[in-house]
Asker: 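Got a structure for you, written out below as structure tokens; questions coming shortly.
Atoms within a ligand are numbered from 1 in the order they appear, just like the ligands themselves. Quick caveat: nothing in here was measured; it's all calculated off a predicted structure. In what follows, every heavy atom counts, from backbone to side chain, and hydrogens, waters and symmetry copies are set aside.
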Amino acid sequence: MPGLAPSEIRQQFPIFSHHPELAYLDNAATTQKPRAVIDGLAAFYEKQNANIHRGIYSLSAQATLQYEQVRRKVAALIGAPGPGSIVYTSGATAGINLVASSFLLPRLRPGDEVLISAMEHHANLIPWQMACRQAGARLGVIPMSPVGELDMAAFRQMLSGRVKMLAITHLSNTLGTINPVEEMTALAHRKGIPVLVDGAQSAAHLEIDVAGWGVDFFAFSGHKLFGPTGIGILYGRAEHLEAMQPVIFGGDMVRNVTFEETSFAAPPQRFEAGTTHIAGVIGLGCAVDFVSRLDRPAVRARVEALGQYARALLAEIPGLRFIGEARQAGAIVSFVLDRVHPHDLATFLSAEHIAVRAGHHCTQPIMQYYGIPGTTRASFTLYNTREEAERLAAQVREAQKFFT
Ligand code: PMP
């Protein structure tokens, strides 16, 4: 098992040898890639490249084997019962869209309701809003408190017989809040309501146990888990995937085709029409190997402590206000600074080689709730250090002097 020391972990990420001064604090947007993932991708293209499933020759058979093997690794990582419930998608967004259009829409009737929360990323909001609009259903929004915690009493009240779906983020990309998805799933299931958990931010950092929690769907992206862009996972309970019709049609997803009729392959193939991102899958497999070898609870504790450390340092700065101060939170720190626009602050920090994100973070309703145009967001992961948090706080102070 590789050591826990960030310096040791950091050495495995080549980007930092090319940018030795870089404090990369935009991990909620995408993570950097370890050598193992970069080499794994290159090795696939160099030594192994072939299309999958339809080839009889050995290169294709081996590529198929590797491709299918990754489903098992992913299933093990997130506590899924087996590879059959793991669908390759292009990312969390595509997974959520698939569930909204293929699972929900056909069963949504006028007057029904879909529940999301006040802190959803647009990717876990718009697909449900569109489905509701199409079906004449209503989008219900679980409210949150000013510190960014969901109002669980209100949530309980909202669980009526009209609700046909609950879609909830596990870890908010803007507030850092970790939601009690297991408890929320149990409450929703008591009313027979299926649950999708948006794991885009949590898959890399939290222990995931989809079968233990009993969630119906869990979606995430490879690129936020140290893997390639353009590849993601949708976990779905077998009985749901069986019942769902594909929404994209083409090669590699059928049993039989005539001009009159087509019968579809079993899941997950049914949802993977055309040539998929094969190399991406292989790269994702390398990323899953990478995180699986770590002591995940210890890494989580260290990264969350780092987030707390950054908060403590920033809290000393007069005129700085955190957006999101939930008791259960990941290492995502959003804040606003009096009289300094988030874009100006991020530009100032960039000149100091500190990469943070500024804006609405694809959560415009959160900005509306707080009445702000955007926040500056620093998001930490396993290669970040206390020194980077200190640099961030020091340069935010400098920016404040500069701009005011
Ligand atoms: N949900 C959340 C909470 C996210 O943070 C993101 C990415 N910012 C997404 C969904 C969408 O992920 P992707 O863009 O990789 O599909």
Asker: For Glu207, does the CD atom sit with more than 12 other heavy atoms under 6.0 Å from it, leaving out its own atoms?
Answerer: yes
Asker: Mark up the atoms of ligand 1 that fall under 4.0 Å of a heavy atom belonging to Ala200, in ascending order.
Answerer: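 Heavy-atom distances to Ala200 below 4.0 Å select 1 (N), 2 (C), 4 (C), 6 (C), 9 (C), 10 (C).
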Asker: Could you name the option among Ser90, Cys362, Ser221 that has the heavy atom nearest to atom 12 (O) of ligand 1?
Answerer: Ser221
Asker: Note the single closest protein heavy atom to atom 5 (O) of ligand 1, along with its residue, its atom name and the distance in Å.
Answerer: Gln201 NE2, 2.7 Å
Asker: For the side chain to side chain donor-acceptor pair (under 3.5 Å) test, which of Gln269, Arg270, Arg54 pairs with Asp252?
Answerer: Arg54
Asker: Report the member of Thr174, Thr363, Thr30, Asp198 with the shortest heavy-atom distance to atom 3 (C) of ligand 1.
Answerer: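 Going through Thr174, Thr363, Thr30, Asp198 one by one, Asp198 has the nearest heavy atom to atom 3 (C) of ligand 1.
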Asker: Please write down residue, atom name and distance for the protein heavy atom closest to atom 8 (N) of ligand 1.
Answerer: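 For this ligand atom, the closest protein heavy atom is Lys224 NZ, 2.7 Å.
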Asker: When you measure from atom 14 (O) of ligand 1 to every protein heavy atom, which one gives the shortest distance, and what is it?
Answerer: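 The protein heavy atom lying closest is Thr93 OG1, 3.7 Å.
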Asker: Which of the atoms in ligand 1, numbered in the order shown and given with their element, are less than 4.0 Å from a heavy-atom of Asn173?
Answerer: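 Matching atoms, with element in brackets: 3 (C), 5 (O).
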Asker: Going by heavy atoms, is His223 under 4.0 Å from ligand 1?
Answerer: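 In this structure, His223 qualifies as a contact of ligand 1 - some heavy atom is under 4.0 Å.
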Asker: Quick check: do Thr375 and His361 have side-chain heavy atoms less than 4.5 Å from each other?
Answerer: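 The answer is yes; the side chains approach within 4.5 Å.
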Asker: Using the side chain to side chain donor-acceptor pair (under 3.5 Å) definition, which of the options Arg300, Arg302, Gln308 pairs with Glu304?
Answerer: Arg300
Asker: Aromatic rings His240 and Phe217: how do their planes relate, parallel, tilted or perpendicular, breaks at 30° and 60°?
Answerer: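 Geometry flag for Phe217 against His240: parallel rings.
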Asker: Whether Glu352 and Arg391 form a salt bridge (side-chain N of Lys/Arg under 4.0 Å from carboxylate O of Asp/Glu) is what I want to check.
Answerer: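 No, Arg391 and Glu352 are not salt-bridged.
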Asker: Any N/O of His121 closer than 3.5 Å to an N/O of ligand 1?
Answerer: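 Yes; the residue has a nitrogen or oxygen that sits under 3.5 Å from a nitrogen or oxygen of the ligand.
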Asker: Give the C-alpha distance, both sets of side-chain angles, the deciding distance and a yes or no for side chain to side chain contact (heavy atoms under 4.5 Å, CB included) between Arg339 and Gln400.
Answerer: CA-CA 8 Å; Arg339 296 184 313 241; Gln400 193 174 41; over 6 Å; no
